[in-house]
Peer 1: 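Pasting a structure below so you can have a look.
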Amino acid sequence: MLSNKRIQELELVMEFEKVEECFKEVSSWIENVGRKRLKETVNLDDSLEMLLQAQKQFKEFDLVASEYCRRGQEALKKMNQWEDLSFVDVHSYRVKLQTYEDELEEFCTQLDETRHRVCETVRLYEFFDKVRQGICCTEEGVKS
């Protein structure tokens with residue numbers, strides 16, 4: 001039994017190292033690229049044309065960011081099997097995993113919120129643009 005326990009612990013350590021490598025890559029991208037790009041989309045431009053350009057750029061970023069979120073979430077799923085293990089040694093790994101999970105969840109939530117905000121802002125600007133065009137057309141009709 002002791003031998004089996006040690007083998008399971010070794011397997012756990014090897015699996016954790018793979019997951020940790022993946023998370024280091026994901027965390028590095030989030031810190032060096034992801035968060036900076038999200039901050040850039042805080043101030044959206046005043047014209048519909050510029051806003052549509054910003055939306056296009058955000059969609060390109062969103063594809064890459066969503067892929068990093070997916071990779072991180074898949075790595076976490078692999079580690080969920082550890083929940084059933086009752087080793088004392090697993091605690092330090094769980095703490096690290098929780099830190100990774102919190103960071104990933106926070107970034108993915110910010111990404112979703114930014115995606116929604118950009119989409120809603122574009123819709124609002126398009127609506128106001130149609131209203132403005134309608135007012136202009138109405139004014140021209142009244143002048144005629």
Peer 1: Using the test salt bridge (charged side-chain N to carboxylate O under 4.0 Å, His left out), find all partners of Glu103 that sit at least two apart in sequence or belong to another chain.
Peer 2: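 Result, salt bridge (charged side-chain N to carboxylate O under 4.0 Å, His left out) vs Glu103: none returned.
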
Peer 1: To check you understand the geometry: which heavy-atom pair defines the closest contact between Arg37 and Gln57, and what is its length?
Peer 2: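 Minimum heavy-atom separation between Arg37 and Gln57: NH2-O, 3.5 Å.
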
Peer 1: Could you check His116 against Asp112 for side-chain contact (heavy atoms from CB on, under 4.5 Å), going step by step and ending with a plain yes or no?
Peer 2: CA-CA 6 Å; His116 179 74; Asp112 289 341; over 6 Å; no

Peer 1: Would you call Glu74 and Arg71 a salt bridge, using N to O less than 4.0 angstrom?
Peer 2: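 Looking at Glu74 and Arg71, the cut-off is not met.
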
Peer 1: Sequence neighbours left out, what passes salt bridge (charged side-chain N to carboxylate O under 4.0 Å, His left out) with Glu31? Give chain and number order.
Peer 2: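 Testing Glu31 for salt bridge (charged side-chain N to carboxylate O under 4.0 Å, His left out), a comparison that skips the adjacent residues, returns Arg35.
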
Peer 1: Enter the distance from Glu105:CD to Cys69:SG here, rounded to the nearest 0.5 Å.
Peer 2: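 Answer rounded to 0.5 Å: 11.0 Å.
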
Peer 1: Could you grab the distance from atom CG of Leu104 to atom OG1 of Thr109, nearest 0.5 Å is fine?
Peer 2: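 The CG atom of Leu104 sits 9.0 Å away from the OG1 atom of Thr109.
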
Peer 1: What pairs with Tyr100 under ring-ring contact (aromatic ring centres under 6.0 Å, His included), at least two apart in sequence or on another chain?
Peer 2: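 So Tyr100 forms a ring-ring contact (aromatic ring centres under 6.0 Å, His included) with Phe23.
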
Peer 1: Once rounded to the nearest 0.5 Å, what's the spacing between atom CG of Leu63 and atom CZ of Phe58?
Peer 2: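 Going from the CG atom of Leu63 to the CZ atom of Phe58 covers 10.0 Å.
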
Peer 1: Kindly compute the distance separating OG (Ser66) from CG (Leu111), expressed to the nearest 0.5 Å.
Peer 2: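 If I round to the nearest 0.5 Å, the distance is 5.0 Å.
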
Peer 1: Any pair with a residue in residues 54-66 that passes salt bridge (Lys or Arg N to Asp or Glu O under 4.0 Å), sequence neighbours left out, goes on the list, sorted by first then second residue, please.
Peer 2: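 For residues 54-66: Asp62-Arg115.
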
Peer 1: Atom CG of Leu48 and atom CD of Gln55: how far apart are they, to the nearest 0.5 Å?
Peer 2: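 Reported to 0.5 Å precision, the distance equals 9.5 Å.
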
Peer 1: Taking only residues two or more places apart in sequence, or in another chain, which ones meet Ser3 in a side-chain contact (heavy atoms from CB on, under 4.5 Å)?
Peer 2: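 Once residues adjacent in sequence are excluded, the partners of Ser3 under the side-chain contact (heavy atoms from CB on, under 4.5 Å) criterion are Ile7.
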
Peer 1: Indicate if Leu124 and Val131 have the same hydrophobic cluster label, given that clusters are the connected sets of ILVMFWY residues with side-chain heavy-atom separations under 4.5 angstrom.
Peer 2: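 Looking at the clustering, Val131 is in the same group as Leu124.
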
Peer 1: Measuring from Glu113:CD to Cys108:SG, what's the distance to the nearest 0.5 Å?
Peer 2: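 Between atom CD of Glu113 and atom SG of Cys108 there are 11.5 Å.
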
Peer 1: Indicate if Ile135 and Phe128 have the same hydrophobic cluster label, given that clusters are the connected sets of ILVMFWY residues with side-chain heavy-atom separations under 4.5 angstrom.
Peer 2: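 Looking at the clustering, Phe128 is in the same group as Ile135.
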
Peer 1: Taking CD in Gln73 as the centre, count heavy atoms belonging to other residues, nucleotides or ligands within less than 6.0 Å. Is the count above 12?
Peer 2: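 It does: Gln73 CD has more than 12 such atoms within range.
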
Peer 1: May I ask you to decide if the ring planes of Trp29 and Tyr68 are parallel, tilted or perpendicular, using 30° and 60° as cut-offs?
Peer 2: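 If you compare the ring of Trp29 with that of Tyr68, the planes turn out parallel.
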
Peer 1: Quick check: does any side chain N or O of Thr41 sit under 3.5 Å from a backbone N or O of Leu38, one acting as donor and the other as acceptor?
Peer 2: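 Present.
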
Peer 1: By the salt bridge (Lys or Arg N to Asp or Glu O under 4.0 Å) test, which pairs, at least two apart or in different chains, include something from residues 123-135?
Peer 2: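 Passing the test, one end in residues 123-135: Glu120-Arg123, Asp129-Arg132.
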
Peer 1: Which heavy atom of Arg117 sits nearest a heavy atom of Thr121, and at what distance?
Peer 2: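 The pair with the smallest heavy-atom distance is O-OG1, 2.6 Å.
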
Peer 1: Is there a path of hydrophobic side-chain contacts, each under 4.5 Å between heavy atoms, that joins Met50 and Val122?
Peer 2: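 No, because Met50 and Val122 fall into different hydrophobic clusters, even though each may have its own neighbours under 4.5 Å.
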
Peer 1: For Glu21, is there an ion pair with Lys18 - N to carboxylate O distance below 4.0 angstrom?
Peer 2: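 So Lys18 does not pair with Glu21 through a salt bridge.
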
